[in-house]
Student: 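Got a structure for you, questions after.
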Amino acid sequence: MDVHCSTCGEPWDVYHLRHDAIFETDLDPAEAEAWRTMSSSSRLMPRYREKFKAAGWEFGQTVMNVIRCPCCPTGAKANPERLTTKRALEELFGADEDGLASTFEDYRL
Ligand SMILES: [Zn+2]
């Protein structure tokens with residue numbers, strides 16, 4: 001399943017977001033490994049958001065919602081309609097990340 005970056009439109013594989021993107025941060029490998037088993041909300045605690053941001057990633061409430069990614073051109077702004085739609089879907093699906101990801105994929109979000 002692929003979801004798209006809200007800023008540059010780059011497709012990202014859901015597996016990569018859940019399992020590999022964390023290794024692009026400067027967390028040590030043991031902590032990155034532990035992150036992979038955390039709950040959806042713990043994964044985006046401020047500490048991890050900061051680490052992701054330094055590596056070029058910004059997420060909504062879940063890692064399924066890619067707001068910015070390492071492919072984004074400098075200074076590019078997220079598409080506001082896309083942000084609003086994805087935020088609403090995120091609320092609707094709550095903790096159901098798979099449902100959210102497949103809906104994003106269906107609508108090419
Ligand atoms: Zn991007």
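Read the numbers this way: they start at 1 and go in the same order the structure lists the ligands and their atoms.
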Student: Would you please name every residue forming a salt bridge (charged side-chain N to carboxylate O under 4.0 Å, His left out) with D98, sequence neighbours left out?
Tutor: R18

Student: For the Zn ion (ligand 1), how many protein N, O or S atoms come closer than 2.8 Å?
Tutor: 4

Student: Just to verify, what does E91 make a salt bridge (charged side-chain N to carboxylate O under 4.0 Å, His left out) with, not counting sequence neighbours?
Tutor: none

Student: With under 30° as parallel and over 60° as perpendicular, where do the rings of H16 and W57 fit, or are they tilted in between?
Tutor: tilted

Student: For residues S40 and E97, is any side-chain donor paired with an opposing acceptor at under 3.5 Å?
Tutor: yes

Student: Just jot down the ring-ring contact (aromatic ring centres under 6.0 Å, His included) partners of F23, sequence neighbours excluded, or say none.
Tutor: none

Student: Using a strict cut-off of less than 4.0 Å between a Lys/Arg side-chain nitrogen and an Asp/Glu carboxylate oxygen, indicate whether E50 and R47 qualify as a salt bridge.
Tutor: no

